[in-house]
Amino acid sequence: MNGPWSRLPGEEGTGSSPVPGVRSPVGPDPTRPSIARVHDYSLGGKDNYEVDRRFFHDILRIAPRMREVPLTTRRWLDRVVRYLVCEAAIDQIVDIGAGLPAFRNIHEVAHQHESRARVVYVDNDPLCCTHGRALLARHAGVQYVQADLTRPRNVLSETADHLERDRPLAVILSSVLHHVPEELDPARIVREYTEILPPGSYIALNHYLDPADNPVAHRLARELENRFVHGLGSGWFRPRERIAALFDGLELVEPGLVEVGDWWPHGPALRPRSPEERLMLGGLGRIPALRHR
């Protein structure tokens with residue numbers, strides 16, 4: 001079938017870019033830390049190696065509350081999915097850069113509120129895909145496909161068989177765009193998703209923040225970026241205006257682009273937020289029915 005989701009010439013297959021951040025995935029190599037495995041360990045998972053644990057503990061030496069960031073982000077993701085299913089009546093979700101299955105996966109949250117919701121997980125790491133397919137095979141309406149997030153048409157063509165492509169859906173880009181280098185232009189990538197998806201669709205994303213107006217947090221962001229880029233090959237902390245530009249062409253859902261802990265929180269904060277938790281912004285945008293050209 002031809003159309004905006006059809007595979008274009010030269011987009012056959014699932015090849016990965018060699019550029020750091022979206023390079024060929026580390027996969028099962030036990031000698032190098034992997035983005036997916038380090039993230040798994042940070043969430044308390046068991047699908048990781050000693051090299052991944054050692055890398056994350058090196059991060060904790062300069063940012064002792066860094067383990068709270070993926071947990072806070074996971075809770076943000078739960079609230080986003082609940083909003084999409086319950087408030088926006090979205091029952092098709094594509095989670096791009098999904099990584100390894102963890103606790104409270106997106107399909108589990110979605111199916112609590114809509115048992116017929118379809119969820120497609122996408123990653124460019126064959127290890128994540130193999131592991132995800134094995135764990136999720138018994139779940140109705142759940143698929144795991146391999147594709148490169150930097151090639152939106154390819155991603156959507158790979159997921160098309162599992163979705164109703166003419167109805168609105170949600171694309172989730174959680175904890176992945178800060179692994180995309182400047183030369184690949186993260187804002188252009190998000191814009192291409194915006195142009196391809198049906199009107200009324202949503203894009204949810206979060207990104208590491210470099211708060212230039214806070215000297216202490218700025219120094220921490222710069223040091224963390226240095227560790228991530230040299231250790232994992234990616235992990236850039238960008239200023240607020242660069243993150244806001246990712247939402248160009250989208251209608252931001254209230255409360256807008258905020259620290260992930262401030263997006264539709266379940267209640268008042270029980271403790272002061274750590275500096276590390278303030279280094280992640282998130283938001284949800286809707287593709288308007290009438291697009292601005």
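When a residue number appears, it is its place in the shown sequence, counting from 1.
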Asker: Say whether Tyr83 and Val258 are linked into one hydrophobic cluster, either directly or through other cluster members, by side-chain heavy-atom distances under 4.5 angstrom.
Answerer: yes

Asker: For Gly256 versus Trp263, what's the shortest heavy-atom pair and its separation?
Answerer: O-CD1, 3.6 Å

Asker: Of all heavy-atom pairs between Gln92 and Pro168, which one has the smallest distance, and what is that distance?
Answerer: NE2-O, 3.3 Å

Asker: Report the C-alpha separation of Leu284 and Leu252 in whole Å, then their side-chain angles, then the decisive distance to 0.1 Å, and conclude whether the side-chain contact (heavy atoms from CB on, under 4.5 Å) test is met.
Answerer: CA-CA 6 Å; Leu284 175 66; Leu252 271 172; over 6 Å; no

Asker: Atom OG1 of Thr72 and atom CG of Asn206: how far apart are they, to the nearest 0.5 Å?
Answerer: 11.0 Å

Asker: Any idea which heavy atoms bring Pro211 and His218 closest together, and the distance?
Answerer: O-CB, 3.7 Å

Asker: Examine the side chains of Asp40 and Asn48 and answer whether a donor and an acceptor come within less than 3.5 Å of each other.
Answerer: yes

Asker: Has the side chain of His39 got a donor or acceptor atom that lies under 3.5 Å from a matching backbone atom of Ile35?
Answerer: no

Asker: How far does CG of Leu281 sit from CH2 of Trp76, to the nearest 0.5 angstrom?
Answerer: 10.5 Å

Asker: Can you tell me which residue among Ile90, Ile106, Val119 is in a side-chain contact (heavy atoms from CB on, under 4.5 Å) with Val81?
Answerer: Ile106

Asker: Nearest 0.5 Å please: distance from the CG atom of Leu205 over to the CD1 atom of Ile189.
Answerer: 12.0 Å

Asker: Would you confirm whether Ser201, through its side chain, and Leu197, through its main-chain N or O, come within 3.5 Å as a donor-acceptor pair?
Answerer: no

Asker: Do the non-hydrogen side-chain atoms of Asp166 and Pro198 ever get within less than 4.5 Å of each other?
Answerer: no

Asker: Is a side-chain donor or acceptor of Glu225 paired with a backbone partner of Phe237 at a separation under 3.5 angstrom?
Answerer: yes

Asker: Does any non-hydrogen side-chain atom of Pro275 lie less than 4.5 Å from one of Val216?
Answerer: no

Asker: Which heavy-atom pair separates Arg165 from Ala160 by the least distance, and what is that distance?
Answerer: NH2-CB, 3.1 Å

Asker: Does Asn105 form a side-chain contact (heavy atoms from CB on, under 4.5 Å) with Tyr121? I'd like the steps, not just the answer.
Answerer: CA-CA 10 Å; Asn105 293 292; Tyr121 296 101; 3.5 Å; yes

Asker: Tell me, do Ile243 and Arg240 make a side-chain contact under 4.5 Å, heavy atoms counted?
Answerer: no

Asker: Report the C-alpha distance between Arg242 and Glu182 in whole Å, list the side-chain angles of each, state the deciding distance to 0.1 Å, and finish with yes or no for salt bridge (Lys or Arg N to Asp or Glu O under 4.0 Å).
Answerer: CA-CA 11 Å; Arg242 298 294 299 278; Glu182 288 298 322; 2.4 Å; yes

Asker: Check for me, please, whether Leu77 and Leu100 land in the same ILVMFWY cluster - side-chain distances under 4.5 Å, paths through other members count.
Answerer: no

Asker: I'd like to check Leu224 versus Leu279 (side-chain heavy atoms, cut-off strictly below 4.5 Å). Are they in contact?
Answerer: yes

Asker: Can Leu163 be reached from Ile287 by stepping across I, L, V, M, F, W or Y side chains whose heavy atoms are under 4.5 Å apart?
Answerer: yes

Asker: So how far is it from Asn154 CG to Gln146 CD, rounded to the nearest 0.5 Å?
Answerer: 10.0 Å

Asker: Can you confirm whether Tyr202 sits close enough to Val171 that some side-chain heavy atom of one is under 4.5 Å from a side-chain heavy atom of the other?
Answerer: no

Asker: Same cluster or not: are Tyr49 and Val38 linked, directly or through other Ile, Leu, Val, Met, Phe, Trp or Tyr residues, by side-chain heavy atoms under 4.5 angstrom apart?
Answerer: no

Asker: Output yes when Arg219 and Glu223 qualify as a salt bridge under the 4.0 Å nitrogen-oxygen rule, no when they do not.
Answerer: no

Asker: Please check this pair: side chain of Asp148 against backbone of Asn124, looking for a donor-acceptor N/O pair closer than 3.5 Å.
Answerer: no

Asker: Flag the pair His57 / Tyr41 as yes when their ring centroid distance falls below 6.0 Å, and as no otherwise.
Answerer: yes

Asker: Under a 4.5 Å cut-off applied to non-hydrogen side-chain atoms, are Glu277 and Glu259 in contact?
Answerer: no

Asker: Is it true that a side-chain atom of Thr194 and a backbone atom of Val190 form a donor plus acceptor pair closer than 3.5 Å?
Answerer: yes

Asker: Is there a side-chain contact between Phe247 and Leu250 in this structure, where contact means two heavy atoms from C-beta onward sitting under 4.5 Å apart?
Answerer: yes

Asker: May I have the step-by-step check of side-chain contact (heavy atoms from CB on, under 4.5 Å) for His107 and Gln112, ending in yes or no?
Answerer: CA-CA 8 Å; His107 69 277; Gln112 282 185 337; over 6 Å; no

Asker: Which distance, rounded to the nearest 0.5 Å, do you find between the CD1 of Ile172 and the CG of Asp95?
Answerer: 5.5 Å

Asker: Ignoring hydrogens and geometry beyond distance, is a side-chain donor-acceptor pair present between His207 and Arg238 at under 3.5 Å?
Answerer: yes

Asker: How long is the span from the CZ atom in Arg153 to the CD atom in Glu158, to the nearest 0.5 Å?
Answerer: 14.5 Å

Asker: Under the salt bridge (Lys or Arg N to Asp or Glu O under 4.0 Å) criterion, do Arg118 and Asp91 qualify, and how do the steps go?
Answerer: CA-CA 6 Å; Arg118 303 181 188 184; Asp91 60 2; over 6 Å; no

Asker: How close do Leu209 and Pro239 get, counting heavy atoms only, and between which atoms?
Answerer: CD1-C, 4.1 Å

Asker: Before giving the answer on salt bridge (Lys or Arg N to Asp or Glu O under 4.0 Å), spell out for Arg75 and Asp78 the whole-Å C-alpha distance, their side-chain angles and the decisive distance to 0.1 Å.
Answerer: CA-CA 5 Å; Arg75 289 190 285 267; Asp78 288 353; over 6 Å; no

Asker: Do Ser175 and Thr73 come within less than 4.5 Å of each other through their side chains, counting heavy atoms only?
Answerer: yes

Asker: Tell me whether Leu149 is reachable from Leu127 by hopping between hydrophobic residues (I, L, V, M, F, W, Y) whose side-chain heavy atoms are closer than 4.5 Å.
Answerer: no

Asker: Checking Arg273 against Asp262 for the side-chain contact (heavy atoms from CB on, under 4.5 Å) test, could you report, in this order, the C-alpha distance in whole Å, the side-chain angles of both residues, the deciding distance, and whether it holds?
Answerer: CA-CA 10 Å; Arg273 194 165 295 156; Asp262 289 333; 2.9 Å; yes

Asker: Examine Tyr208 together with Phe228 and report whether their ring centres are nearer than 6.0 Å.
Answerer: yes

Asker: Ignoring hydrogens, what is the shortest heavy-atom contact between Pro33 and Asp52? Give both atom names and the distance.
Answerer: CA-OD1, 3.2 Å

